[in-house]
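Following: one structure in C-alpha coordinates, then a few remarks.
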There are 2 protein chains.
Amino acid sequence: MRKESSTNALNAQELYETCGMAIALRILGGRWKPGIIWNLAQGRVRYGQLKALIPNISERMLVQQLKELEKYGFVERFVFPEVPPRVEYALTEEGKTLIPIVQALAVWGDSQRDKIKLPV
Amino acid sequence: MRKESSTNALNAQELYETCGMAIALRILGGRWKPGIIWNLAQGRVRYGQLKALIPNISERMLVQQLKELEKYGFVERFVFPEVPPRVEYALTEEGKTLIPIVQALAVWGDSQRDKIKLPV
DNA sequence: TGCAATTCTTACTGTTTGGTAAGTAATTAA
DNA sequence: TTAATTACTTACCAAACAGTAAGAATTGCA
(Lines give C-alpha, C1' and ligand atoms only; values in the text may rest on other atoms or scores of the structure.)
Protein backbone atom coordinates (compact mmCIF):
# COMPACT_ATOMS: atom_id res chain seq x y z
CA MET A 1 0.00 0.00 0.00
CA ARG A 2 1.20 3.39 -1.01
CA LYS A 3 1.88 6.07 1.53
CA GLU A 4 -0.02 9.28 1.00
CA SER A 5 3.05 11.45 1.30
CA SER A 6 6.60 10.27 1.12
CA THR A 7 8.53 10.52 4.35
CA ASN A 8 10.97 12.42 2.25
CA ALA A 9 8.47 15.18 1.55
CA LEU A 10 7.15 15.16 5.09
CA ASN A 11 10.61 15.59 6.51
CA ALA A 12 11.21 18.52 4.21
CA GLN A 13 7.91 20.06 5.23
CA GLU A 14 8.60 19.74 8.92
CA LEU A 15 12.00 21.29 8.52
CA TYR A 16 10.53 24.32 6.80
CA GLU A 17 8.28 24.79 9.76
CA THR A 18 10.99 24.75 12.35
CA CYS A 19 14.17 25.85 10.64
CA GLY A 20 14.68 29.12 8.83
CA MET A 21 17.79 27.83 7.24
CA ALA A 22 15.89 25.05 5.55
CA ILE A 23 13.64 27.68 4.03
CA ALA A 24 16.60 29.72 2.87
CA LEU A 25 18.25 26.73 1.32
CA ARG A 26 15.05 25.75 -0.36
CA ILE A 27 15.01 29.12 -2.07
CA LEU A 28 18.71 29.37 -2.83
CA GLY A 29 19.47 25.72 -3.29
CA GLY A 30 19.76 23.73 -6.43
CA ARG A 31 22.45 24.07 -8.98
CA TRP A 32 21.28 27.07 -10.92
CA LYS A 33 19.54 29.49 -8.61
CA PRO A 34 22.72 31.12 -7.35
CA GLY A 35 23.77 32.02 -10.87
CA ILE A 36 20.35 33.29 -11.76
CA ILE A 37 20.08 35.50 -8.71
CA TRP A 38 23.63 36.68 -9.12
CA ASN A 39 23.02 37.78 -12.68
CA LEU A 40 19.71 39.40 -11.88
CA ALA A 41 21.30 41.36 -9.08
CA GLN A 42 22.62 43.78 -11.69
CA GLY A 43 19.21 44.66 -13.09
CA ARG A 44 16.83 43.50 -15.76
CA VAL A 45 18.05 40.77 -18.01
CA ARG A 46 16.43 39.10 -20.97
CA TYR A 47 15.81 35.40 -20.97
CA GLY A 48 18.29 34.81 -23.74
CA GLN A 49 20.91 36.90 -22.03
CA LEU A 50 20.54 34.94 -18.85
CA LYS A 51 20.99 31.78 -20.80
CA ALA A 52 24.19 33.14 -22.28
CA LEU A 53 25.43 34.40 -18.92
CA ILE A 54 25.02 31.04 -17.22
CA PRO A 55 27.19 28.50 -18.96
CA ASN A 56 25.78 25.03 -19.48
CA ILE A 57 22.32 25.75 -18.19
CA SER A 58 19.60 24.11 -20.22
CA GLU A 59 16.45 25.92 -21.18
CA ARG A 60 14.42 23.50 -19.16
CA MET A 61 16.32 24.30 -15.99
CA LEU A 62 16.42 28.02 -16.62
CA VAL A 63 12.69 28.27 -17.16
CA GLN A 64 11.93 26.01 -14.24
CA GLN A 65 14.05 27.89 -11.76
CA LEU A 66 12.85 31.27 -12.95
CA LYS A 67 9.28 30.11 -12.53
CA GLU A 68 9.95 28.97 -9.04
CA LEU A 69 11.61 32.22 -8.07
CA GLU A 70 8.75 34.10 -9.66
CA LYS A 71 6.17 32.03 -7.84
CA TYR A 72 7.71 32.90 -4.50
CA GLY A 73 7.91 36.55 -5.40
CA PHE A 74 11.63 37.00 -5.71
CA VAL A 75 11.69 37.54 -9.44
CA GLU A 76 9.47 39.57 -11.74
CA ARG A 77 8.75 38.83 -15.35
CA PHE A 78 8.18 41.54 -17.93
CA VAL A 79 6.72 40.45 -21.22
CA PHE A 80 6.84 42.65 -24.30
CA PRO A 81 4.27 41.85 -26.93
CA GLU A 82 6.68 41.67 -29.79
CA VAL A 83 7.72 39.12 -32.32
CA PRO A 84 10.04 37.46 -31.76
CA PRO A 85 9.10 37.61 -28.10
CA ARG A 86 11.02 39.59 -25.55
CA VAL A 87 10.89 38.75 -21.86
CA GLU A 88 12.89 40.42 -19.18
CA TYR A 89 13.48 39.24 -15.67
CA ALA A 90 14.42 41.19 -12.58
CA LEU A 91 14.59 40.76 -8.83
CA THR A 92 11.66 42.12 -6.89
CA GLU A 93 12.24 44.22 -3.79
CA GLU A 94 11.90 41.04 -1.79
CA GLY A 95 14.31 39.36 -4.11
CA LYS A 96 16.87 42.04 -3.52
CA THR A 97 17.02 41.10 0.14
CA LEU A 98 18.75 37.99 -1.12
CA ILE A 99 21.72 39.87 -2.47
CA PRO A 100 23.66 40.24 0.77
CA ILE A 101 23.03 36.60 1.57
CA VAL A 102 24.22 35.51 -1.81
CA GLN A 103 27.29 37.68 -1.46
CA ALA A 104 28.15 36.32 1.95
CA LEU A 105 27.85 32.80 0.64
CA ALA A 106 29.95 33.60 -2.39
CA VAL A 107 32.70 35.21 -0.34
CA TRP A 108 32.79 32.36 2.11
CA GLY A 109 32.73 29.80 -0.68
CA ASP A 110 35.58 31.51 -2.49
CA SER A 111 37.61 31.50 0.69
CA GLN A 112 37.21 27.73 0.83
CA ARG A 113 38.10 26.97 -2.74
CA ASP A 114 41.77 26.33 -2.08
CA LYS A 115 41.28 24.63 1.25
CA ILE A 116 38.95 21.83 0.37
CA LYS A 117 38.75 19.48 -2.50
CA LEU A 118 35.19 18.88 -3.64
CA PRO A 119 33.66 16.29 -4.28
CA VAL A 120 34.83 12.77 -5.16
CA MET B 1 27.83 3.84 -25.24
CA ARG B 2 28.31 5.10 -21.74
CA LYS B 3 29.69 8.55 -21.06
CA GLU B 4 32.80 8.69 -18.92
CA SER B 5 31.43 11.38 -16.63
CA SER B 6 27.85 12.42 -16.40
CA THR B 7 27.11 15.91 -17.62
CA ASN B 8 25.45 16.31 -14.29
CA ALA B 9 28.69 15.83 -12.40
CA LEU B 10 30.66 17.88 -14.88
CA ASN B 11 28.29 20.78 -14.52
CA ALA B 12 28.65 20.62 -10.77
CA GLN B 13 32.42 20.51 -11.04
CA GLU B 14 32.59 23.51 -13.34
CA LEU B 15 30.37 25.50 -11.07
CA TYR B 16 32.63 24.84 -8.11
CA GLU B 17 35.51 26.25 -10.12
CA THR B 18 33.81 29.47 -11.02
CA CYS B 19 31.26 30.16 -8.34
CA GLY B 20 31.94 30.46 -4.64
CA MET B 21 28.31 30.15 -3.89
CA ALA B 22 28.15 26.74 -5.46
CA ILE B 23 30.90 25.67 -3.11
CA ALA B 24 29.11 27.11 -0.12
CA LEU B 25 25.88 25.40 -1.05
CA ARG B 26 27.68 22.16 -1.56
CA ILE B 27 28.90 22.36 2.01
CA LEU B 28 25.72 23.66 3.57
CA GLY B 29 23.24 22.04 1.28
CA GLY B 30 21.28 18.91 1.76
CA ARG B 31 18.52 18.44 4.21
CA TRP B 32 20.43 17.76 7.37
CA LYS B 33 23.64 19.74 7.38
CA PRO B 34 22.04 22.95 8.64
CA GLY B 35 20.70 21.20 11.71
CA ILE B 36 23.96 19.47 12.38
CA ILE B 37 26.00 22.64 12.13
CA TRP B 38 23.48 24.55 14.15
CA ASN B 39 23.60 22.08 16.99
CA LEU B 40 27.35 21.82 16.91
CA ALA B 41 27.67 25.57 17.09
CA GLN B 42 27.04 25.34 20.82
CA GLY B 43 29.95 23.04 21.52
CA ARG B 44 30.72 19.33 21.67
CA VAL B 45 27.82 17.02 21.25
CA ARG B 46 27.63 13.26 21.41
CA TYR B 47 26.38 11.28 18.46
CA GLY B 48 23.32 10.13 20.30
CA GLN B 49 22.54 13.63 21.49
CA LEU B 50 22.75 14.95 17.98
CA LYS B 51 20.36 12.27 16.86
CA ALA B 52 17.93 13.33 19.56
CA LEU B 53 18.34 17.01 18.78
CA ILE B 54 17.56 16.59 15.11
CA PRO B 55 14.08 15.18 14.75
CA ASN B 56 13.49 12.54 12.11
CA ILE B 57 17.06 12.20 11.02
CA SER B 58 18.05 8.62 10.35
CA GLU B 59 21.31 7.17 11.56
CA ARG B 60 22.42 6.64 8.03
CA MET B 61 21.97 10.30 7.16
CA LEU B 62 23.51 11.53 10.38
CA VAL B 63 26.63 9.46 9.99
CA GLN B 64 26.94 10.26 6.33
CA GLN B 65 26.67 14.00 6.76
CA LEU B 66 29.00 14.04 9.75
CA LYS B 67 31.56 12.13 7.75
CA GLU B 68 31.34 14.57 4.91
CA LEU B 69 31.73 17.56 7.20
CA GLU B 70 34.64 15.83 8.90
CA LYS B 71 36.28 15.03 5.59
CA TYR B 72 36.23 18.67 4.58
CA GLY B 73 37.60 19.73 7.93
CA PHE B 74 34.58 21.48 9.38
CA VAL B 75 33.85 18.95 12.07
CA GLU B 76 36.09 17.06 14.48
CA ARG B 77 35.40 13.66 15.94
CA PHE B 78 36.52 12.66 19.42
CA VAL B 79 36.37 8.99 20.25
CA PHE B 80 36.50 7.73 23.82
CA PRO B 81 37.61 4.14 24.19
CA GLU B 82 34.74 3.06 26.38
CA VAL B 83 32.00 0.52 26.24
CA PRO B 84 29.42 1.32 25.17
CA PRO B 85 31.24 3.68 22.85
CA ARG B 86 31.24 7.42 23.26
CA VAL B 87 31.89 9.74 20.34
CA GLU B 88 31.70 13.50 20.46
CA TYR B 89 31.52 15.89 17.58
CA ALA B 90 32.49 19.55 17.41
CA LEU B 91 33.09 22.25 14.84
CA THR B 92 36.71 22.90 13.98
CA GLU B 93 38.02 26.47 13.83
CA GLU B 94 37.31 26.37 10.13
CA GLY B 95 33.88 25.03 10.85
CA LYS B 96 33.16 27.92 13.15
CA THR B 97 33.52 30.31 10.25
CA LEU B 98 30.25 28.81 9.09
CA ILE B 99 28.33 30.07 12.06
CA PRO B 100 27.70 33.63 10.88
CA ILE B 101 26.68 32.31 7.47
CA VAL B 102 24.31 29.83 9.01
CA GLN B 103 22.86 32.54 11.20
CA ALA B 104 22.34 34.93 8.33
CA LEU B 105 20.55 32.21 6.39
CA ALA B 106 18.43 31.28 9.37
CA VAL B 107 17.39 34.86 10.04
CA TRP B 108 16.56 35.49 6.43
CA GLY B 109 14.70 32.22 6.16
CA ASP B 110 12.66 32.96 9.26
CA SER B 111 11.75 36.34 7.87
CA GLN B 112 10.30 34.61 4.84
CA ARG B 113 8.29 31.98 6.62
CA ASP B 114 5.07 33.95 6.69
CA LYS B 115 5.49 35.47 3.27
CA ILE B 116 5.88 32.44 1.12
CA LYS B 117 4.19 29.12 1.02
CA LEU B 118 6.63 26.31 0.34
CA PRO B 119 6.54 23.93 -1.61
CA VAL B 120 3.73 22.35 -3.66
C1' DT C 1 23.79 -17.20 28.96
C1' DG C 2 21.69 -13.49 27.28
C1' DC C 3 20.33 -8.75 27.10
C1' DA C 4 21.37 -3.72 27.18
C1' DA C 5 23.78 0.28 25.58
C1' DT C 6 25.96 3.12 21.84
C1' DT C 7 27.85 4.12 17.43
C1' DC C 8 27.94 2.93 13.49
C1' DT C 9 27.52 -0.24 8.58
C1' DT C 10 25.21 -2.38 4.81
C1' DA C 11 21.87 -3.55 1.33
C1' DC C 12 17.94 -2.26 -0.69
C1' DT C 13 14.28 0.87 -2.33
C1' DG C 14 11.86 5.10 -3.44
C1' DT C 15 11.88 10.22 -4.45
C1' DT C 16 13.69 14.26 -6.37
C1' DT C 17 16.65 16.73 -9.31
C1' DG C 18 18.96 17.39 -13.58
C1' DG C 19 20.04 16.57 -18.70
C1' DT C 20 18.63 15.67 -23.74
C1' DA C 21 16.27 16.49 -27.53
C1' DA C 22 12.55 17.56 -30.14
C1' DG C 23 8.68 20.56 -30.82
C1' DT C 24 5.45 24.99 -30.57
C1' DA C 25 3.86 29.82 -31.45
C1' DA C 26 3.93 34.13 -33.83
C1' DT C 27 5.65 37.20 -36.89
C1' DT C 28 9.15 39.22 -40.08
C1' DA C 29 12.33 39.15 -43.81
C1' DA C 30 14.39 36.81 -47.87
C1' DT D 1 7.11 29.66 -49.35
C1' DT D 2 10.56 29.14 -46.33
C1' DA D 3 13.73 30.20 -42.84
C1' DA D 4 14.92 32.82 -38.81
C1' DT D 5 14.19 34.52 -34.25
C1' DT D 6 12.94 34.09 -29.32
C1' DA D 7 10.97 32.15 -25.38
C1' DC D 8 9.37 28.63 -23.99
C1' DT D 9 7.00 23.24 -23.38
C1' DT D 10 7.00 18.33 -23.29
C1' DA D 11 8.34 13.56 -22.81
C1' DC D 12 11.71 10.69 -21.52
C1' DC D 13 15.83 8.95 -19.06
C1' DA D 14 19.85 9.03 -15.75
C1' DA D 15 22.01 10.47 -11.60
C1' DA D 16 21.93 12.02 -6.91
C1' DC D 17 19.72 12.20 -2.60
C1' DA D 18 17.00 10.31 1.21
C1' DG D 19 14.49 6.58 3.97
C1' DT D 20 14.00 1.67 5.94
C1' DA D 21 15.45 -1.96 8.27
C1' DA D 22 18.48 -5.24 9.80
C1' DG D 23 22.94 -6.25 11.75
C1' DA D 24 27.83 -5.75 13.91
C1' DA D 25 31.20 -4.73 17.68
C1' DT D 26 32.32 -4.46 22.65
C1' DT D 27 31.81 -4.99 27.43
C1' DG D 28 29.02 -4.82 31.89
C1' DC D 29 25.51 -6.75 34.41
C1' DA D 30 21.47 -9.83 35.80
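These numbers were taken from a predicted model, which means no experiment stands behind them. Heavy-atom basis, side chains included; hydrogens, waters and symmetry copies ignored.
Taking both residues in full, the closest heavy atoms of Y16(A) and A22(A) are given as CE2-O, 3.6 Å, listed atom of the first, atom of the second, then distance.
Interatomic distance, CD1 of I23(B) versus OG1 of T18(B), reported as 8.5 Å (0.5 Å rounding). With values rounded to the nearest 0.5 angstrom, I57(A) atom CD1 is found 9.5 Å from Q64(A) atom CD. Here L105(B) contributes atom CG and W38(B) contributes atom CH2; the two are 10.5 Å apart, rounded to the nearest 0.5 Å.
Distance CD1 (I27(B)) to C1' (dC17(D)): 16 Å, rounded to an integer number of Å. Rounding to whole angstrom units, CG of residue L10(B) and C1' of dG18(C) are separated by 13 Å. When the C1' atom of dT17(C) is taken as reference, atom CG of L62(A) falls 16 Å away, rounded to whole Å. Distance M61(B) CE to dT9(C) P: 13 Å, rounded to the nearest Å. Here the C1' atom of nucleotide dA16(D) and the CZ atom of R26(B) are 10 Å apart, to the nearest Å. The separation between L25(A) atom CG and dC17(D) atom C1' is 15 Å, rounded to whole Å. Taking atom CD of Q13(A) as the reference point, atom P of dA18(D) lies 16 Å away to the nearest angstrom. Residue L28(A) contributes atom CG, which lies 17 Å from atom C1' of dT17(C) at whole-angstrom precision.
Each of dG19(D), dT16(C), dT20(C) was ranked by its minimum atom distance to the side chain of N11(A); first place goes to dG19(D).
Residues satisfying the ring-ring contact (aromatic ring centres under 6.0 Å, His included) criterion with W32(A), sequence neighbours excluded, are absent altogether. Evaluation of the side chain to side chain contact (heavy atoms under 4.5 Å, CB included) rule for S58(B) yields R60(B), M61(B) as partners, not counting sequence neighbours.
Taking side-chain N and O atoms only, T7(A) has a distance below 4.0 Å to OP1 or OP2 of dT20(D). Within the structure, a side-chain polar atom (N or O) of R31(A) is placed less than 4.0 Å from OP1 or OP2 of dG19(C). Residue N8(A) places none of its side-chain N or O atoms closer than 4.0 Å to OP1 or OP2 of dG14(C). Here S6(A) reaches the OP1 or OP2 of dT16(C): one of its side-chain N or O atoms lies under 4.0 Å away.
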Less than 3.5 Å apart, which donor and acceptor atoms pair up between the side chains of residues 47-55 of chain B and the rest of the protein, not counting sequence neighbours?
unit_1: Q49(B); atom_1: OE1; unit_2: R46(B); atom_2: N; d: 2.8
unit_1: K51(B); atom_1: NZ; unit_2: E59(B); atom_2: OE2; d: 3.4

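The closest donor-acceptor contact from the side chain of K33(A) to the backbone of G29(A) lies under 3.5 Å. Side-chain N or O atoms of R86(A) include none that pairs as donor or acceptor with a backbone N or O of F78(A) at under 3.5 Å. In this structure, the side chain of R113(B) engages the main chain of E17(A) through a donor-acceptor pair within 3.5 Å.
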Polar pairs (N or O, both sides) under 3.5 Å between protein and nucleotides 11-13 of chain D?
unit_1: dA11(D); atom_1: N6; unit_2: R60(A); atom_2: NE; d: 3.4

Side chain to side chain contact (heavy atoms under 4.5 Å, CB included) between Q112(B) and I27(A), intermediate numbers included: CA-CA 10 Å; Q112(B) 294 296 321; I27(A) 305 297; 5.8 Å; no
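For the segment residues 81-91 of chain B, residues with any heavy atom less than 4.0 angstrom from an atom of DNA chain C are, sorted by number, P84(B), P85(B), V87(B), Y89(B). The stretch residues 45-57 of chain B comes close to DNA chain C through R46(B), Y47(B), G48(B), each having a heavy atom under 4.0 Å from the strand.
A 4.5 Å side-chain heavy-atom check between E70(B) and E76(B) finds every atom pair outside the cut-off.
Judged by closest nucleotide on DNA chain D, R77(A) is the one of R77(A) and Q64(B) placed further toward the 5' end.
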